[in-house]
Amino acid sequence: MTVHPLATALASLGIEARVDARDALAVITLPNGEAAAPFRDASVRRTVIALAEAHGFKTVALELGNAADDRAPLSGH
Amino acid sequence: MQPVLTEAARADVATATPPSPESHRLSHATREKEQRLVAWLAARHSVILGFSGGVDSAYLATVASDTLGRSRFLAVIGRSPSYPDAQWDAARTLAAQFDIPVLEVNTHEMLDPNYVANPSNRCYFCKTELWSVLRTVARERGLETIIDGTNADDLGDWRPGLQAAREHDVASPLADLGFTKDDIRALSRERGLSTWSQPSSPCLSSRLPYGSAVTIERLQQIERAEAALRSLGVEGDLRVRHHGDLARVEISAGHLDTWLAPRNFRALTDAVRTAGFARASLDLRGFRSGSLTVLGAAAGA
């Protein structure tokens with residue numbers, strides 16, 4: 001599976017996630033709920049939004065993987 | 001569904017929820033606007049209002065009802081699949097509380113292929129249907145002037161529905177007399193209207209990207225998801241944007257830290273999935289009016 005360059009950039013920040021693009025929307029899929037905790041910090045959100053914009057996106061949304069995904073490491077990041 | 005927020009988290013949300021009472025203190029200029037509105041209404045033979053139960057039309061309905069009485073005023077609720085049941089309930093409750101004369105009619109914009117295709121001027125076709133129905137009611141009941149709740153702030157927005165209002169000779173006294181949204185909230189608060197702090201509430205079709213067909217199934221998905229999130233405890237601005245199998249939830253930016261807490265985020269996700277979306281996501285910027293316009297047309301159509 002192709003790794004989106006934004007996923008690689010997020011990994012450099014310590015955020016392990018899958019990224020898929022829907023036109024100008026970046027969907028960041030996290031492996032579990034605990035992985036959402038850092039995003040409570042507004043500065044983290046701003047950094048991620050800026051990173052997404054640098055990759056050509058206009059909006060960023062955060063998603064939890066399916067329950068089945070919670071039990072297995074994410075692929076494609 | 002039981003609200004998921006802890007007491008502490010709920011306090012966080014309440015703290016972050018605008019608008020504050022202080023920001024809506026009445027000024028002399030605002031009071032004068034209401035006096036001019038009363039005079040404007042009193043000068044009409046009779047008035048019929050398109051009444052959604054939102055902030056603007058709720059305020060206008062109470063002033064018109066007080067000024068004109070039941071014999072010269074009628075508020076009309078237009079029901080359709082794009083009008084949420086929760087708002088319908090709120091409109092009826094408010095009308096009963098303030099003794100506002102109300103008529104409910106069905107509108108049929110879903111039968112118009114121009115509307116269903118969801119072009120960027122979709123609101124024009126919806127409002128054309130609404131004002132056509134109200135024109136018929138006005139003629140049958142001998143009511144002379146049709147009005148809406150458009151305010152002065154609305155005039156700077158992209159609102160193709162205003163063209164339909166002009167074509168049907170609908171007056172907008174709040175806009176014409178210079179009422180801003182803040183004026184209306186402040187005056188509503190003084191009148192004891194629960195709508196004074198209510199978020200803006202455009203129709204459910206506004207959650208679909210332009211070019212993505214408006215269907216009853218999609219509107220019901222959106223309505224179920226937003227109702228479920230309200231039940232969880234989401235307050236303030238809320239939109240569930242429809243991107244096909246993916247829902248993108250927008251909430252007030254000040255509430256994001258609360259809803260990104262792992263337990264809350266999981267509950268939010270589950271609620272949206274249960275409402276019929278395969279995937280649920282939370283927008284990291286929070287609520288923005290017109291965010292679908294920024295994204296462009298038909299994502300996930």
Side-chain angles (χ1 to χ4, degrees), chain A residues 1 4 6-7 9-10 13-72 74-77, chain B residues 4 9 12-13 16 209-212 239-274 277-301:
Chain A
M1 187 180 291
H4 195 284
L6 177 58
L10 290 172
L13 297 177
I15 298 170
E16 298 295 330
R18 187 171 57 228
V19 172
D20 68 282
R22 295 199 169 203
D23 299 320
L25 168 65
V27 182
I28 298 174
T29 306
L30 301 173
N32 53 54
E34 292 303 318
F39 289 86
R40 298 186 71 188
D41 184 337
S43 67
V44 171
R45 297 198 295 271
R46 281 195 296 271
T47 300
V48 170
I49 290 167
L51 209 51
E53 286 177 343
H55 284 78
F57 294 105
K58 293 180 177 170
T59 298
V60 190
L62 206 60
E63 178 192 32
L64 287 186
N66 292 323
D69 293 340
D70 286 351
R71 294 187 292 272
L74 283 176
S75 59
H77 67 264
Chain B
V4 71
D12 286 347
V13 170
Y210 293 136
S212 179
R239 303 284 188 277
V240 173
R241 308 293 190 186
H242 195 295
H243 297 272
D245 63 333
L246 173 77
R248 179 170 55 89
V249 178
E250 292 182 355
I251 62 175
S252 302
H255 299 175
L256 280 170
D257 59 343
T258 297
W259 287 102
L260 283 165
R263 176 170 167 264
N264 292 346
F265 192 32
R266 171 57 72 190
L268 180 148
T269 297
D270 289 346
V272 174
R273 286 178 178 167
T274 301
F277 287 93
R279 300 174 63 185
S281 64
L282 182 61
D283 194 294
L284 285 186
R285 291 183 194 271
F287 167 72
R288 285 166 296 153
S289 179
S291 75
L292 284 170
T293 306
V294 173
L295 277 175

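Below, chains carry the letters A, B, ... as their sequence lines are ordered, and counting in each starts from 1.
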Is there a salt bridge (Lys or Arg N to Asp or Glu O under 4.0 Å) between D283(B) and R45(A) once you walk through the steps? CA-CA 10 Å; D283(B) 194 294; R45(A) 297 198 295 271; over 6 Å; no
Any side-chain heavy atom of T59(A) sitting closer than 4.5 Å to one from R248(B)? yes
Shortest non-hydrogen separation from R279(B) to T29(A) and the atoms involved: NH2-OG1, 3.9 Å
Nearest heavy-atom neighbours spanning E63(A) and A280(B): CG-O, 3.3 Å
Could you walk me through whether E53(A) and R285(B) pass salt bridge (Lys or Arg N to Asp or Glu O under 4.0 Å), step by step? CA-CA 12 Å; E53(A) 286 177 343; R285(B) 291 183 194 271; 2.4 Å; yes
Measure the spacing between CZ of F39(A) and CG of L256(B) and express it to the nearest 0.5 Å. 11.5 Å
Under 4.5 Å heavy-atom distance to chain B, tell me which part of V27(A) shows up: side chain, backbone, both or neither. side chain
Side chains of L284(B) and R46(A), heavy atoms from C-beta outward: is any pair under 4.5 Å? no
Report the option among L246(B), L260(B), V249(B), T269(B) that has the most heavy-atom pairs separated by less than 4.5 Å from atoms of chain A. L260(B)
Note, F265(B) side chain near L62(A) side chain (heavy atom, < 4.5 Å): yes
Could you measure the distance from the OG atom of S281(B) to the CG atom of L64(A)? Nearest 0.5 Å is fine. 10.0 Å
Going through the checks in order, is the side chain to side chain contact (heavy atoms under 4.5 Å, CB included) test met by D23(A) and H243(B)? CA-CA 11 Å; D23(A) 299 320; H243(B) 297 272; over 6 Å; no
So, the part of A261(B) with a heavy atom under 4.5 Å from chain A: the answer is both
